[in-house]
Number of protein chains: 2
Amino acid sequence: MSQMLQIHDQLREMILSLDLGPGERLSERWLESQFEGSRTPIRAALVRLESEELVRRDGRNWIVAPIDVGELEALAEFRIPLETTAVRLACARASEADIGGVEEMLDTCQSGAPREEWHRVGTDFHVEIARLSGNPFIVKAIAGAMTRLSRARWLEVWTEPSREQAWREHRRILGFIKANDPDSAAREATDHITDTRDRLLRSLKEDRRGLRMRGFAVIGLR
Amino acid sequence: MSQMLQIHDQLREMILSLDLGPGERLSERWLESQFEGSRTPIRAALVRLESEELVRRDGRNWIVAPIDVGELEALAEFRIPLETTAVRLACARASEADIGGVEEMLDTCQSGAPREEWHRVGTDFHVEIARLSGNPFIVKAIAGAMTRLSRARWLEVWTEPSREQAWREHRRILGFIKANDPDSAAREATDHITDTRDRLLRSLKEDRRGLRMRGFAVIGLR
DNA sequence: CGGGATTGTTTGGGATACCAATTTGGGATA
DNA sequence: TATCCCAAATTGGTATCCCAAACAATCCCG
């Protein structure tokens, strides 16, 4: 794989895992020393990450994109029509085997699993459901939305009741797809998205001080 | 503005206007001479265009993204839930002035207007409606979808009846938004999207030979 | 005359050099 | 001591350089 893609993936991981704080400045020279590559591939990776809106320009400088809490409502509003469409199409198109694959993924999350696992599966579930729709545009849009939610979701998986609630909701959605009941699946999906939004907003309000203390830029919290 | 953005915008325009044929190879050295800049900003522009899926890698080479007719169905399927949501939200949120602005835009397209004008307005209408929804994610998704449709749409605006049909449908959608009738607006939007899809597929089938003759890569036509 | 190895050319990936602009730190001065 | 100003360092933007891989044309041998 090209060096640029390696740097892109590593940097992406550092940003999404909050190793690099939201709002933190990224100097090309610092990245150069971090990744032991020259500025050429680093700049390519930054341009790429900019298009995913994980980094952003601040004047001439690069910064890690801040977490914009104001986006959470709009994001839910965006996800609802897409994910309801996705589950309906999944009912019509997904094979038993496809659904089984997603079930297995959910099963890997036992109570004792590490937070990272819950976080990953919670994101991937939605992308995999989108994939069952067979529509690549829906997949891409959902994947992008989940990426934008990803960093805020660390707060959700922090508490056990919260993540197990989400897990149960995922199960129910999948159950209705399996039972070929598109209306119920769509209703569950809608409820899940609004529930998640509310859980996240509550967590963020509670944890805002903690985030600020860690130097994270969190904007748009009303 | 930075040179990279200038190159990006120019190249984007050349691709969308079909000055550069779909599937055409882009060598960095050729672009270097075209834009009289060095490879550094050119490569940044290419990385950026790649994320918009207007250029693509073909092995180590860059090519203009082919027109994938197979995408047209998936694109319509993707747009319907988003645009119905957009018009519903527009009914709830758009001001008289906002709606008036879109009306004016439609009015600029008189019968004698050049094809470029019809093409531009036909794209912008959908983006502007999305903007009335107040949801930036919907705007971006619709804008992306319209970009992907853009090149195929040159065929639609080619014939007068076709573009006037689309224009009437746009009028009707906007009328229902103005009348604050979300259900009818959503129904019109759905019909318009499926109609457009069918018109495009028909035009492409008829014109396929012509496109091939111009050396355009058009793939996925069933 | 045909096929395959070989060599020369072109390409993109990466590194580095240079420049202009911005930031910064320190020292002189009021 | 506070403030202002200038020099030096740092930064991102661009140009250029080098290299390895891909491709093509050519030449040699059967």
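A, B, ... follow the sequence lines: proteins, then strands. Residue 1 opens every chain. Heavy-atom basis, side chains included; hydrogens, waters and symmetry copies ignored.
- In terms of phosphate contacts, A:Ser38 brings a side-chain nitrogen or oxygen within less than 4.0 Å of OP1 or OP2 of C:dA15.
- With B:Phe125 as reference, B:His170 is the one residue of B:His119, B:His192, B:His170 to meet the ring-ring contact (aromatic ring centres under 6.0 Å, His included) rule.
- Listed here is the closest heavy atom pair of B:Glu32 and B:Gly37: CG-O, 3.0 Å.
- The side chain to side chain donor-acceptor pair (under 3.5 Å) check on B:Gln34 picks up nothing, with sequence neighbours excluded.
- Judged as a side chain to side chain contact (heavy atoms under 4.5 Å, CB included), and not counting sequence neighbours, the contacts of B:Pro81 are A:Pro81, A:Thr85.
- The side chain to side chain donor-acceptor pair (under 3.5 Å) check on B:Arg25 picks up B:Asn61, with sequence neighbours excluded.
- Look at CZ on A:Arg39: it is 12 Å from P on C:dA17, rounded to the nearest Å.
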Pairing annotation in dot-bracket form, given for DNA chain C with Watson-Crick or G-U pairs under 3.5 Å and | for cross-strand partners: ||||||||||||||||||||||||||||||

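- The stretch residues 41-66 of chain A comes close to DNA chain C through A:Pro41, each having a heavy atom under 4.0 Å from the strand.
- When the side chain to side chain donor-acceptor pair (under 3.5 Å) test is applied to A:Arg43, the partners found at least two apart in sequence or on another chain are A:Glu28.
- Contacts between residues 25-36 of chain A and DNA chain D, defined by a heavy-atom separation under 4.0 Å, are made by A:Arg25, A:Leu26, A:Ser27, A:Glu28, A:Arg29.
- Applying the side chain to side chain donor-acceptor pair (under 3.5 Å) test to A:Arg148 and every residue at least two apart in sequence or in another chain returns A:Glu71.
- Cation-pi geometry between B:Arg56 and B:Trp62 is not met at under 6.0 angstrom from the ring centre and within 45 degrees of the axis.
- Within the 3.5 Å criterion, the main-chain N or O of A:Glu50 finds no donor-acceptor partner in the side chain of A:Glu53.
- Every residue two or more places apart in sequence or in another chain that forms a side chain to side chain contact (heavy atoms under 4.5 Å, CB included) with A:Gln6 is listed here: A:Met1.
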Which atom pairs, one a donor and one an acceptor, fall under 3.5 Å between side chains of residues 93-102 of chain A and the rest of the protein, sequence neighbours left out?
| residue | atom | partner | partner atom | Å |
| --- | --- | --- | --- | --- |
| A:Arg93 | NH1 | A:Ser133 | O | 2.8 |
| A:Arg93 | NH1 | B:Glu77 | OE1 | 3.1 |
| A:Arg93 | NH2 | B:Glu77 | OE2 | 2.6 |
| A:Ser95 | OG | A:Ala97 | N | 3.4 |
| A:Ser95 | OG | A:Asp98 | N | 3.1 |
| A:Ser95 | OG | A:Asp98 | OD2 | 3.0 |
| A:Asp98 | OD2 | A:Ser95 | N | 3.2 |

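- A donor-acceptor pair under 3.5 Å is formed between the side chain of A:Trp154 and the backbone N or O of A:Leu16.
- For B:Arg151, there are no salt bridge (charged side-chain N to carboxylate O under 4.0 Å, His left out) partners at least two apart in sequence or on another chain.
- Along DNA chain D, the stretch of nucleotides lying under 4.0 Å from any heavy atom of chain A spans, 5' to 3', D:dT11 to D:dT14.
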